[in-house]
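Step one of this worksheet: look at the structure below.
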Amino acid sequence: MQQIEMEKYFEPAAAEEKWYHFWSDKGYFKAHRDPNKTPYTIMIPPPNITGKLHIGHALTMTLQDITIRMKRMQGYSALWLPGTDHASIATEAKIVEMLRKEGVSKEDLGREGFLRRAWDWKKEYGGTIIKQLKKLGSSCDWDRERFTLDEGLSNAVQKVFIDMYNEGLIYRGERLVNWCPCCHTSISDAEVEYEEEQGHLWYIRYDAPDKSYSVEVATTRPETMLGDTAVAVNPKDERFAHMIGKTVVVPIVNREIPIIADPFVEMEFGTGAVKITPAHDFNDFAAGKKFGLEIIKVIDEDGKMLPLVPKYAGQDILTARAGIVEELKELGNLTKIEPYMHKVGKCYRCHNTVEPLVSKQWFVKMETLAKPAIEVVKNKEIKIIPERDEKVYYHWMENIQDWCVSRQLWWGHRIPAYYCTKCGAIHVGESMPTHTCSCGNNTWVQDDDTLDTWFSSALWPFSTLGWPEKTEDLSYFYPTSTLITGRDILFFWVARMIFSALKQTGKVPFKTVAMHGLVRDALGRKMSKSLNNGVDPLEVISEFGADALRFSLVQGLNLETDIKYSKDKLTVAKAFINKLWNSAKFVFGAIADTDFKSCDPQKLQPEDKWMITKLNEIITSVTAELEKFEYGLALQKLYDFFWNDFCSTYIEMVKPRLMDEGVETKTEAAHTLYRVMKAVLLLLNPFLPFVTEELYSKLPDGHDKPLIITDWPTANAEKYPEDFENIELLKYFITSIRNVRVNMNIQPNRKTTLIFVTTSKGDFIRTVAPILKKLAFAKDVIIQPTKDGIPVNAIAVESLAASAYIPFEDLVDVAAEIERLNTEKAKYQEMIARVERQLANEQFVSKAPKEKVDEQRQKLADYQKLLSATDERLAMLKK
RNA sequence: GGGUGUGUAGCUCAGGUGGUUAGAGCGUUACGUUGACAUCGUAAAGGUCGCAAGUUCGAGUCUUGCCACACCCACCA
C-alpha cells in the first residue's frame, strides 16, 4: 500500500484543455470508412449560426456524445457529423438589426451588399457556437463539419427543388399564407404559434339594402370588414333561412354582399352568422374559393391598412380597428361588445402577430410525400423514442397541409426559378435561361425569394455526406443510425427529414429517433430572458467543469418529460467527481506495488467474488440502459454501484487485507480493485470524459491506449452465487450491529467490543472475521456453535444464518436492552400476525400460486424463529 | 374542442408480466472524524403512491370516472 502523490481535487479547466486537444490532435474523433467495422452515425441537429450555447444545446450534445462515445468504444466506426444552420429568418433578422444600428437598411445595401455583410457576419460569429460545443467535450468529427449554405449542400437543395418541380411536387400558387409583418416574410404553418390573448368580440349589424331585414355578425377583427364579400350562416339555422341568397350591405364601405349557407358555421357561436373576409382568414379563404367570392385585400405586407377607405389608409391594424369601431358606433351598426379570450397566431421567431395574407408563394405538395413517411414509422423502419411520440407524428403527418417553402428573405438558398419579364412564364433550372420564351421575349429575372431554412436542413442527413454525388461516405455512413434531438423540432425538422430522405434517397434518414424534452428551471418554468432564470452552460463549465455540467444534465433524466434543472444538481455532480478522484487515488496506491501476474484466481476471497458478480451485473445493465437511451437510469445505476457497492462496501471490506501484515491475498484484493476501478472509468467515460481520461492515464498498469478508444467492457460468465449470498449476509450483519451500537449509544463511537457469533456458517464467518472486526468494531470475533458460555449481559443481533452477541461490559444498562428487545419483539409479532392473517385466508391459499403461498409460509417460520430467539434473550436478561 | 403525457418522501427521480415492511440521491436531524474522500462516515425521521369507484384472494402497478398541471394539435368567427 502506497501513498500516491496526486492533486487533492480534480482540476477541470486544465484537464479539459489538455485532453480535448489530445483527442483531437490524435484524430480519435475522426470516423473512418473501415470495411471491417460497422458504421454508427449521428448527425448533429445543426445549431444556428446566430446562436450562443444554451442549456438546451448542452443537453442534446451531452446525450449525443454519450452515445457516440459508447459506440466508438464498442468498436463501431462511429461518426458524429457536426455543422451549423444558416437559419435564414433568425440570422437575417439579426443582421437587419445590426444594420439598423448603423443607420442602414437592407434595401440601402441591395441584395449583393447585404449578402456580403451576411457572410462577413457568418465568418465572425459562425464559429462561436462551434467553439462552445467543443467546450462540452463533444467528440464530433470536426473535419466533416458542414454548413447548410455550403456549396455542396446548396447544390443538393437546388437539385431537390428542380426535381420536385419537374415532378409536380413543388408548385407556385396564390394562396393565403401566414405572413409575419415584422420579419416581412411568409412563414409555414409550423412556424406559427398560437397564444391566448384577451380580446373582444364585436357584434356588427349588416342591413339589407332596403333595411327590411338585417343580420348581425360577431368578429374579433372588425377592421377586416372592409374586405368582407359575404356573410355565412349554417344551412340548418332556421333563424336565417329566409335570408339565404339575399344580400346585405357592409357598413362604411357600403358594399352589397350575399348571404351564403355553409355547414362550417357554428350555429351556437356568436350570432350564428359570420362575416367572410377571404383575403385575411383561412376559413374565409376556403369559403371564398367554394363560393367564388371576390378577394379584397385590406391589409398590406407591412401590416398597414390599404386605401379601401382613404382615412384609414396606412394606419396600423390596431389604430384602424379603433377608428372603425368608433365609426360603426356612430352609424349605429355596432350592437354589442364582449370581452373574449382567443388564440392569436404569433411568429415563432419574433413573436409578433401573424397576418394571413394572400400572396404568390412556392409550396411543397405534401400528400404523396406524407404517406411513405407514415409507413416507415408504422413498420418500424424508424423507431421513435419515446414511443408515444409516434402517435403525435402520425397525427401531424395525416393532417398535413402543403408546405409553404418560399421566404421573402435574402439570406438563404435562392429559389432557382426564373420568370419571363414579358409574359411571366416560369422556368425552373440551375441557371438563368438562355432561350427565348414562347412569347418571343428573351429576358428573364430570377425569383427574389429564398427557401425556408428547414428545406435545407430536411436534407441534412444525406446532403452532409455528399449527396447527390455518390460518395464513399454516403454509401458507408448512410442511412444514419440515430437522431438525438429535442421534441420541439419534431415537425420542423424530424418529420421533414423523414419524407425528404425517402423521396430523395429512397431510404430512411435514420433508424432511431430519440427525443428529449425541454430544460426548464427549478420551478418548471421555461428559461427565458425576461424571467432571467436561464443557466449559462459556459459559466457552469468555468465554475464546475464540463464533466459536472454533463452529470447534472443527465442526472434524473428521462426522455418522456421536460427536465427541471437547478444548480443544486451540480453539488451532487461535484461530490461524485471528487469521490471518483479520491477512490482512484486510493486504488492507485493499493495496486502500485502489485505484480498482477502472481494473481491467483483460486485465492479470490468471498468479497472479491461478490464484487465481481456485482461488476458483471452493472456492465450488463448500464450497457442495456444506454442502448435504450435511458441515460438517467444508466447514470443512476453507475452512481449506486460506484458509491455504495464499490466504495462503501468493497473498498472498506478489503482494507484490512491491503494494510494488515501477513495477509496472503493482497494481490487478489489489489487485482480486483484494479479491475473494478478500470471498468468504472470505462463505463463512466461517456458521461464524464475528462476526469475519467485523466484518471485512466494515471492508472499504473502500463496500458498503451487512451480511454476514449479502449474497448467497452463486457460482462463475463463468472458466477459466485454462494459467496454473493454470504457477503450479502455479512453486510446485513454489519449494518445491524452498527445500528444497535448507535441505538444503544455506545461511547465512544469507535470503542471496540467482543463479538460472539453463533452460526451455521462458521467457516465463512471465520474467513471474514477481519472485516467484521473493522466494520463492526470487534475487538475479537469468537465463533461457537452454541450459546454456551456467552455472557448473559449482551446485546443480541439475530439473523437467520447467524446471531451476534455483544457483551455489555459496563457500557449499557439491562433496562435499555430489554426495551430494545421488546421493540424488536413487537415488530416480529406484527409481521407474524400479518402473514398469519393472509395464510388464514382460504381464498389466498387456494387461488394464489403455490410458490407465493410457500413463500409466505417460509416467511412465517422465519419470523417465528426470530421471535423465539428474542424471547429467549428477554427471559435470560430478566433473570 | 381534440390528443398525448405527468401526478410516489420537503426536492429530483426509480419502481418488467398485480404478490403483502414502496426504494435511491439530495435536503433535514442525531452522533461521529476511523487506514482515499468532511465534497466524508454511521444511523434516524420522513410516504393513506393526486382523488373516487371497480376488477382481484391481493392494486403504486390493471379498468373507469374525476381533479390538477404540462405539452401538442385544431378554421368557433
Side-chain angles (χ1 to χ4, degrees), chain A residues 1 3-4 6 8-9 194 201 217-221 224 232 264-271 273-277 281-287 340 342-343 386 388-389 391-392 395-396 399 487-488 490-491 517-518 520 522 524 555-558 560-566 568-569 571-572 574-590 632-633 636-637 639-640 643-644 647-648 651-652 655-656 658-660 735 738-739 741-743 745 747-750 774-775 777 827 830-831 834-835 837-838 841-849 851-853 855-856 859:
Chain A
M1 187 77 210
Q3 245 351 60
I4 294 291
M6 249 168 86
K8 203 163 164 53
Y9 306 110
Y194 291 89
L201 203 51
V217 296
T219 181
T220 53
R221 304 199 52 192
T224 63
F264 87 85
V265 180
E266 298 282 337
M267 295 181 355
E268 292 76 27
F269 188 85
T271 62
V274 57
K275 62 189 228 33
I276 300 294
T277 321
D281 181 281
F282 285 92
N283 223 359
D284 295 2
F285 184 78
Y340 183 63
H342 63 140
K343 297 263 176 102
R388 59 154 155 108
D389 281 327
K391 289 183 204 162
V392 180
H395 185 260
W396 191 75
N399 296 289
R487 184 165 297 108
D488 52 333
L490 172 61
F491 305 139
L518 204 67
R520 294 170 172 275
Q555 218 223 5
L557 177 80
N558 62 60
E560 280 81 16
T561 56
D562 284 348
I563 299 104
K564 281 189 196 163
Y565 190 85
S566 68
D568 293 349
K569 292 191 173 183
T571 315
V572 183
K574 204 177 156 192
F576 184 80
I577 290 166
N578 178 255
K579 185 86 175 171
L580 185 66
W581 187 260
N582 279 294
S583 65
K585 189 160 78 178
F586 176 82
V587 171
F588 297 165
L633 283 183
Q636 159 104 279
K637 287 180 173 182
Y639 184 103
D640 292 343
W643 204 297
N644 300 324
C647 293
S648 299
I651 290 183
E652 292 309 322
K655 275 179 183 171
L658 296 168
M659 317 217 191
D660 293 352
T735 306
R738 285 173 165 180
N739 198 329
R741 289 172 57 97
V742 170
N743 284 344
N745 199 21
Q747 294 287 357
N749 196 267
R750 291 173 55 210
K774 178 169 155 41
L775 300 183
F777 305 97
K827 197 178 84 188
E830 196 194 313
M831 302 288 194
R834 193 195 310 269
V835 180
R837 259 200 310 279
Q838 198 178 2
N841 181 347
E842 276 178 41
Q843 299 272 33
F844 172 70
V845 178
S846 60
K847 292 190 182 176
E851 315 85 77
K852 290 290 168 197
V853 179
E855 203 178 293
Q856 291 307 104
K859 215 175 260 177

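Just so it is clear, the values below take in all heavy atoms, side chains as well, and ignore hydrogens, waters and symmetry mates. Each chain gets a letter, A, B and so on, in the order its sequence line appears, and its residues count up from 1.
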Which is true for Met6(A) with a 4.0 Å heavy-atom rule: it touches a base, it touches only sugar-phosphate, or it touches nothing? nothing
Distance-only donor-acceptor test (3.5 Å): side chain Lys655(A), base A36(B): yes
If we take the P atom in both U34(B) and C49(B), what is their distance in whole Å? 44 Å
If we take the P atom in both A52(B) and G19(B), what is their distance in whole Å? 22 Å
Report yes if a side-chain nitrogen or oxygen of Lys585(A) is closer than 4.0 Å to either non-bridging phosphate oxygen (OP1 or OP2) of G35(B); otherwise report no. no
Classify Asp640(A) by what it touches in the nucleic acid, base, sugar-phosphate, or nothing, heavy-atom distance under 4.0 Å. sugar-phosphate
pair Leu201(A)-Phe269(A): side-chain heavy atoms closer than 4.5 Å: yes
Could you tell me if the side chain of Gln636(A) sits less than 4.5 Å from the side chain of Gln555(A), heavy atoms only? no
For a quick check of understanding: with a heavy-atom distance under 4.0 Å over all strands, which category does Glu851(A) fall into, base, sugar-phosphate or nothing? nothing
Distance, rounded to the nearest Å, where Lys827(A) contributes NZ and A44(B) contributes P: 10 Å
Say whether, by atom type as modelled, one donor and one acceptor occur between the side chain of Asp562(A) and the main chain of Leu518(A) under 3.5 angstrom. yes
What interatomic distance, in whole Å, is found between P of G2(B) and the corresponding atom of C75(B)? 16 Å
By the 4.0 Å heavy-atom rule, please label Phe588(A) as base, sugar-phosphate, or nothing. nothing
In whole angstrom, give the distance that lies between atom CG of Asn743(A) and atom C1' of A44(B). 8 Å
Could you tell me whether the side chain of Glu830(A) reaches within less than 4.5 Å of the side chain of Lys827(A), counting heavy atoms only? no
Atom NZ of Lys852(A) and atom C1' of U17(B): how far apart are they, to the nearest Å? 12 Å
Separation of Lys847(A) atom NZ from U55(B) atom C1', in whole Å? 12 Å
Just how far is it from atom NZ of Lys585(A) to atom CD1 of Ile4(A), taken to the nearest 0.5 Å? 10.0 Å
Please measure how far the C1' atom in U56(B) lies from the corresponding atom in G50(B), and state the result in whole Å. 23 Å
Between G5(B) (C1') and Leu490(A) (CG): distance, integer Å: 15 Å
Base, sugar-phosphate, or nothing for Pro849(A), non-hydrogen atoms under 4.0 angstrom? base
Per atom distances to the Ala848(A) side chain, the nearest of G19(B), U21(B), A36(B) is G19(B)
Contact between Pro386(A) and Arg487(A) at the side-chain level, heavy atoms closer than 4.5 Å - yes or no? yes
Base, sugar-phosphate or nothing for Ser846(A)? Non-hydrogen atoms, less than 4.0 Å. nothing
If only side-chain N and O atoms of Arg741(A) are considered, is one of them under 4.0 Å from the OP1 or OP2 phosphate oxygen of U42(B)? no
Euclidean distance, Thr561(A) OG1 relative to Leu557(A) CG, rounded to 0.5 Å: 7.5 Å
Nearest-Å distance once atom P is located in both A59(B) and C69(B): 30 Å
Ignoring hydrogens and geometry, is there a side-chain-to-backbone donor-acceptor pair from Asp281(A) to Thr277(A) under 3.5 Å? no
Donor-acceptor check, side chain of Asn582(A) to backbone of Asn578(A), threshold 3.5 angstrom: yes or no? yes
Just so I know, are the side chains of Asp284(A) and Lys275(A) near enough to count as touching, which here means a heavy-atom distance under 4.5 Å? no
Considering only atom C1', compute the distance from A68(B) to C26(B) and round it to an integer number of Å. 26 Å
For a 4.5 angstrom cut-off between non-hydrogen side-chain atoms, does Trp581(A) reach Lys8(A)? no
note: Asn644(A), atom CG; C40(B), atom P; distance rounded to Å ~ 13 Å
Any side-chain N or O of Asn739(A) below 4.0 angstrom from OP1/OP2 of A44(B)? yes
Residue closer to the 5' end of RNA chain B, Ile651(A) versus Glu855(A) (nearest nucleotide): Glu855(A)
Which letters describe nucleotides 72-77 of chain B, given B = protein heavy atom under 4.0 Å from base, S = only from sugar-phosphate, - = neither? SSBBBB
Here the distance between atom C1' of G19(B) and atom CZ of Phe844(A), to the nearest Å, is 7 Å
d(CD1, Ile4(A); P, C37(B)) in whole Å: 13 Å
Could you run through nucleotides 6-16 of chain B and give me one letter per nucleotide, 5' to 3': B if any protein heavy atom sits under 4.0 Å from the base, S if only the sugar-phosphate is that close, - if neither? ------SSS--
Do Lys655(A) and Phe586(A) have side chains that approach each other closer than 4.5 Å (heavy atoms only, starting at C-beta)? yes
Using a heavy-atom cut-off of under 4.0 Å over every strand shown, decide if Asp488(A) touches base, sugar-phosphate, or nothing. nothing
Can you confirm whether Val265(A) sits close enough to Val274(A) that some side-chain heavy atom of one is under 4.5 Å from a side-chain heavy atom of the other? yes
Work out how far the C1' atom of G18(B) is from that of G58(B), and round it to whole angstrom. 8 Å
Cation-pi geometry met for Lys579(A) and Tyr639(A) (6.0 Å, 45°): no
Reckon Arg520(A) has a side-chain N or O less than 4.0 Å from the OP1 or OP2 of C71(B)? yes
Upstream residue (5' side of RNA chain B) when Trp643(A) and Lys391(A) are each assigned their closest nucleotide: Lys391(A)
Could you spell out the base pairing of RNA chain B as a dot-bracket line? Use Watson-Crick and G-U wobble contacts where both distances are under 3.5 Å, [ ] for crossing pairs, | for partners on a different strand. (((((((..((((.....[...)))).(((((.......))))).....(((((..]....))))))))))))....
Interatomic distance at P, G10(B) relative to A43(B), whole Å: 23 Å
